[in-house]
Amino acid sequence: MNNPFDNAINQLEKALEYVKLTPEQSERLKYPEKIITVNFPVEMDNGQKKLFHGYRVQYSSKRGPYKGGIRFHHQVDMNEMKALAFWMAVKCAVADIPMGGGKGGVEVDPKKLSDKELEKLSRAYVAAIANEIGPEIDVPAPDVNTTSQIMNWMVDEFMRIRSRNQKIGNSEKSRLMATFTGKPLTNGGSEGRTAATGRGGFYVLEALLEKIKPNMKEGRKLTVAIQGFGNVGYYIAKFLYDAGFSIAALSDSRGAIVVNKIGQDSLNPEEVFKCKKEKGSLAGCYCVGSVCDLKLGRNITNTEILELPVDILVPAALENQLNEKNAPRIKANIILEMANGPTTPAADEIFFKKNITVIPDVLANSGGVTVSYFEWKQNLENQKWSEKKVNSLLKDKMTKASLDIFEIARVKQTDLRTAAFITAVRRLTSAS
Ligand code: NAD
């Protein structure tokens, strides 16, 4: 199994060949500034107390407060936390937003908890790290298995703790709201946040497509396969479909579906979503236009979807999905990394040699943290922006970041990931 932190450091090492740093500066980038571990009890529904183990990795505050999600997962692992926190620092620098990198998590399978237990756990975790977070210190957000509802409980608990020693007026309340992003719209959240990661990925692809693969289109619709049909997978599928791309295949943790006529028929993500909701699984949801018909497609495995003959492959699920084993069999021309860390360094080398362009996660999925930054800013300034304004600012940020990175890759003759890391290293160290 690939250690994600080793992968992240490997990506960094490649970029360090192009940036002049002192040994201390290089070393600094390889370690988080602070790792917080907390162990806290929660009373379960049966009246017994259970001890939980949680973390918060604060990787870099060089450019602003630590920023990054909180993950609830039974396999929360320190190496994964460190990697995700480091990638957050890189991502914020690439998107050029004034925030650093962080990540947190609790070792728990939330599916085994009642709603009441989940709320108690969320509040207890916040109480345990309350002294280490705040709008100018560290700003958590949702991640795997944490939702806007959980952010609601967390921000409420944080306010409760802060108001013990001081009276909190309305403007102070709005400021403290900025401690968490990804909140519900009704409680300090930002318009456009739910779709932001998918939308941002679409803007990145739009900015780069003609540059990385000129004339690829040749008057036809480009075909796409998307692994993962959760928040990110659904929205990227929807934006690509609306823009005229042909969605050949989709998958979730239980399996994948593909149209029989790749390039001719496209899955309609909204209809597939409705069908999946009704049936409880993607299997059989071959929805083309407004018709879902068993004759239009077939079920395939999660391995097969990655190896389909499509123009663009979009991993939007998990880490380490594209590795030295399957990389030689990948047929797509472009890989748009919407998940964090889906490609191992060994697979990266193979793709580079095969002239497959990888649009890296630290650029492709940075739309989410960018709109989280907008949410933080709106809370701090006690403002509420329209969705139009959020989307337009997001587009500006994503387009600029994409073109900057393309230019560095062109000048330095590197892949886009190395170019993104070069940009981030320069911004994180103020080096040339
Ligand atoms: P999610 O939980 O909403 O969706 C994950 C999807 O992946 C689900 O459909 C799940 O069934 C599917 N999946 C799991 N294992 C799979 C497998 N083996 N094969 C195919 N599908 C599988 O999560 P999300 O928020 O959409 O996040 C997806 C990825 O994007 C993660 O890597 C996450 O870290 C990253 N990401 C998310 C955001 C965000 O704003 N949500 C921002 C940046 C990066």
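Numbering of ligands and ligand atoms starts at 1, following listing order.
- Ionic pairing of E136 and R175 is present here: one or more N-O contacts between side-chain nitrogen and carboxylate oxygen are shorter than 4.0 angstrom.
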Distance-only donor-acceptor pairs under 3.5 Å for side chains of residues 277-292, two or more places apart:
{"unit_1": "S281", "atom_1": "OG", "unit_2": "A283", "atom_2": "N", "d": "3.2"}
{"unit_1": "Y286", "atom_1": "OH", "unit_2": "N299", "atom_2": "N", "d": "3.4"}
{"unit_1": "Y286", "atom_1": "OH", "unit_2": "N299", "atom_2": "OD1", "d": "2.8"}

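- In this view, Y203 satisfies the ring-ring contact (aromatic ring centres under 6.0 Å, His included) rule with no residue, not counting sequence neighbours.
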Side-chain polar contacts of residues 92-109 - donor-acceptor pairs under 3.5 angstrom, sequence neighbours left out - could you list them?
{"unit_1": "D96", "atom_1": "OD1", "unit_2": "R63", "atom_2": "NH2", "d": "3.0"}
{"unit_1": "K103", "atom_1": "NZ", "unit_2": "D143", "atom_2": "OD1", "d": "3.0"}
{"unit_1": "E107", "atom_1": "OE2", "unit_2": "Y55", "atom_2": "OH", "d": "2.6"}
{"unit_1": "D109", "atom_1": "OD1", "unit_2": "K111", "atom_2": "N", "d": "3.1"}

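- One distance of note links OG1 of T414 with CD1 of I408; it measures 8.0 Å at 0.5 Å rounding.
- Near ligand 1, residues R71, R193, T197, Q227, G228, F229, G230, N231, V232, S251, D252, S253, N302, A316, A317, L318, M338, A339, N340, N365 come within 4.0 angstrom through at least one heavy atom.
- Taking the six-membered ring where tryptophan is involved, the planes of F202 and F245 are perpendicular, since the angle between them exceeds 60° and thus also 30°.
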